[in-house]
Amino acid sequence: MRAKLTDKIATFFIVVFSLLIVAVLVGLIGFILVRGLSHIDWHFLTSVPQTIREGGGIGPQLFNSLFLLVLTLIITIPLGLGAGIYMAEYAKPGKITGTIRLVVEVLSSFPSIVVGLFGLLLIVNTFGFGFSLFSGALVLTIFNLPLMVRITEQAFRSVPKEQKEAGLALGLSKWKIISSVLFPVALPSIVTGTVLAAGRVFGEAAALLFTAGMSTPRLDFTNWNPLSPTSPINPFRPAETLAVHIWKINSEGLAPDAAQIAAGASAVLVILVLLFNLFARWLGGVLYKAMTASKRMG
Amino acid sequence: MKTIDERPVQVQPARGTRWKKHHAEDVAGRSYTFICAALLIVIILSIVYFVASKGLATFFRDGVSLSDFLFGTTWDPEGNNGEPMYGVLPFIFGSFATSLLAALIASPLSICASLFMTEIVPGWGKKLLQPVIELLAGIPSVVYGFIGLTVVVPFLRNVFPGQGIGIAAGAIVLSVMILPTITSVAADALASLPRGLKESSFALGATRWQTISRVILPTVLPSILTGVVLGMARAFGEALAVQMVIGNAPHIPRSLFESASTLTSVITLDMGNTVMGSAHSNALWSMALALMFMTFVFVMIVRLLERRHRI
Amino acid sequence: MNNATFRTEHLSVFYGQYEAVKNISLSFPEKSVTALIGPSGCGKSTFLRSLNRMNDEISQAKIKGRIWIDGVDINDPGTDVIQLRQKIGMVWQKPNPFYKSIYENIAFGPKYHGIKNKAELDEIVETSLRKAALWDEVKDRLKQSALSLSGGQQQRLCIARALSVKPGILLLDEPASALDPVSTAKVEELITDLKKELSIVIVTHNMQQAARISDYTAYFYLGSLMEHDTTEKIFTNPEQQMTQDYISGRFG
């Protein structure tokens, strides 16, 4: 009887602790939304921040975050695909492969602040790119690359090997098989993984403090010359992202409504990450359907 | 329609361009992907080289002794009270204290969550907790820091003596952040257990908890420990969320509710205010070197655990 | 038969220390079907896979001996394996169409091998599908995904795909074992038609099937070739008792 009682008590605690985790998440999201949503309006999303007065917005920061993400993906995707394909299709078990695997593991557990410092030293100072979107994108690439490699490798490994054999028997080169037979099959999981990873990149701040910088020049959204210092699309200008902005106003915010701005910005950040999650799943599903059911010729 | 008679089987490469094409694209593809993979090695080697070259300057150029650095308790890099002092023990203590405490809070919760998903209610338990875990993992660290600052710190201030900031606040925030890591590793391990293991225990008349505590948990212990170490590694390297709630006082606190610092929080705050190449800046790089060293240690422990698990 | 254009000489395949195929010399006469039979694990599939160097993909696999096709040793390091495989079609037990449209499945190989002309491609697609007895069933939905076809249709599509690059040899690894009886009959009929143009080597577990469609039969046991003769001889009056026992279903 005693064993039965212990069993009941243990089960009770397991259930309670599990529900506690659910409650924590609900509390977190609820708190952010309740605190933040009331502060979000068009003005908040589009206007520039104020240092000491009320009514500042997060327009430039929001734009910087999205633009930086795009830049990062442009650099990360080709590199991550390449390295992931190498690991899945070319690497033979051995010293080099083992080393690369260890590198991926170590790189993915490096503290992001250390990666940020490395970026400060090499990219910002030595290469002379300064505090800029470009420096930030390179550092986020280092941060994101291990994940991208894993996603790609797993996606390629899960393609049935019969697909590869069919290609070989037709006399296709290995590269043709990889690029035209295996890649389309692996694509849905690669896309889902990439978008999820993008959400992570979007919220990263520590690596950006000393690379993309903590300030944004006054931007002129009518100026689309990518070399002009006030142009929003100039990749060599400093850019404070949304995540960095949240950190900054919490530690040194002087505006009277700093707390509300932080809450609003946090809500925007969380909503965007949630949207990334939903979008990733939706897109993966759509692509999978397109690959397996009725695909257009071509 | 041509039949095979008119087209004898021909194995030797035909003269022409196609032979060249398929070899050329294979060589190009192989080279490109190899260069991408090799780039990873280049990146890590340069990170290690640059961080080490800066971090070691503290000891070789600025003449700080390793023991003064690691075991000194006074951090006064600008020499406000006489000679500059570079003792980082308070920060090392802070980093270990917050991450150990975070692991201590998160591990039982994570193990319960993974048991809930795989053993108690495998169906909807997984459907409920899986997205919860993924969302917790997706929330950016600055948002955790912000919530720590607006919820956890005031709560601690009301309940315990002190300002609310400190190791306890840092550990609580970190514990939520590393919960997903430990839970997903543990849940994967539990899900991959052979069915027979559980059934044979039930067949002997054991209750569910007896089965879990005597059969299941001992079997997956190495995997759970792997998850805990991965979680600690994440906690140890986390910068902003901790920095926002820990108070940033440069000494070893006397209680969990007193302002303290970690390696990451000091780097975050000081790096922008130092001149590259100065002894103060180099000391920060030495701390980054220590963080990097700890990353290697964590990865090594994980590898050892995984090897043991495989046997 | 020793001067057949397609034959193996003392072929052995090793997986590490394990010798899966032992010293096999076997000829495949032109425009005929050779069936490889034997109990599971006898090495017949491994043997078949070595004929177009599919074992290259398995890093521990080592090959000894020679495989001649029209006077060329395909295991010679100088042989262009990609060019070679184009001349040897292969179909597997499980249908494995590409995740592409029906049309693309067939046109993909020829396109890669240099045929760009749309009309020519259309013709290859139609001819290949006709040869595989699939044209009438799919001609109105060529743009649909190949995965929308039934299992039997998918398998015939795979045969059509193999034919699209005009091979001289067709290797079939239990092509009908995953199919229903109706589809099986269609595939068998197809094989009988195709042998007018090609040399076919088929691995099968189904004795009736071997008897129905093959001209020659080779019996494998534990990696060795036990007996090889015309199908008629093997099925009516085999030399060895073991072959007799296997064919009559007493073991295996």
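Every heavy atom of this structure was used, including side-chain atoms; hydrogens, water molecules and symmetry mates were not.
Closest heavy-atom contact between B:Ala113 and A:Ile21: CB-CD1, 3.5 Å. A:Ile113 and B:Gly237 get closest at one heavy-atom pair: CG2-O, 4.3 Å. Heavy atoms only, all atoms of each residue included: A:Val273 and B:Gly138 are closest at CG1-O, 3.3 Å. The minimum heavy-atom distance between B:Cys112 and A:Phe17, with the atom names listed, is SG-CD1, 3.4 Å.
Within the 4.5 Å cutoff, no side-chain heavy atoms of B:Arg30 are placed close to those of A:Trp175. Using a 4.5 Å cut-off on side-chain heavy atoms (C-beta onward), A:Leu79 and B:Leu40 make no contact. Residues B:Gln210 and A:Thr6 form no side-chain contact, since every pair of their non-hydrogen atoms from C-beta on lies 4.5 Å or further apart.
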Stepwise, does the side chain to side chain contact (heavy atoms under 4.5 Å, CB included) test hold for B:Ile41 with A:Ile100? CA-CA 7 Å; B:Ile41 300 182; A:Ile100 297 174; 3.7 Å; yes

Show the numbers, then the answer: is there a side chain to side chain contact (heavy atoms under 4.5 Å, CB included) between A:Met87 and B:Thr33? CA-CA 9 Å; A:Met87 294 308 283; B:Thr33 58; over 6 Å; no

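Interface remark: of the candidates B:Ile120, B:Val51, B:Leu289, B:Ile120 forms the most heavy-atom pairs closer than 4.5 Å to chain A. Of the listed residues (B:Tyr32, B:Phe236, B:Trp285), the one with the most heavy-atom contacts under 4.5 Å to chain A is B:Trp285. Ranking B:Met287, B:Arg234, B:Glu238, B:Met276 against chain A, the residue ahead of the rest is B:Met276, based on heavy-atom pairs under 4.5 Å. Counting heavy-atom pairs closer than 4.5 Å to chain A, the top residue among B:Ala233, B:Ser46, B:Pro108, B:Ala239 is B:Ser46. When each of B:Ile47, B:Thr183, B:Ile35, B:Val151 is scored by its heavy-atom pairs under 4.5 Å with chain A, the top score falls to B:Ile47. If you tally non-hydrogen atom pairs under 4.5 Å between each of A:Val15, A:Leu28, A:Asn125 and chain B, the highest count goes to A:Leu28. Between chain A and the options B:Phe34, B:Phe296, B:Tyr144, heavy-atom pairs under 4.5 Å are most frequent for B:Phe34. For chain B, the option among A:Thr11, A:Asn277, A:Ile85 with the highest count of heavy-atom pairs below 4.5 Å is A:Thr11.
Salt-bridge annotation for A:Arg281 and B:Glu134: present, with a side-chain N of the basic residue lying under 4.0 Å from a carboxylate O of the acidic one. Under a 4.0 Å N-O distance rule, the pair A:Glu105/B:Arg303 qualifies as a salt bridge.
With hydrogens and angles ignored, the 3.5 Å screen pairs a side-chain donor or acceptor of A:Asp7 with a backbone N or O of B:Trp209. The backbone N or O of A:Lys174 sits less than 3.5 Å from a side-chain atom of B:Asp26, completing a donor-acceptor pair.
From A:Leu19, atom CG reaches atom CG of B:Leu128 across 7.5 Å, with rounding to the nearest 0.5 Å.
Heavy atoms closer than 4.5 Å to chain B are found in the side chain of A:Val24, but not in its backbone.
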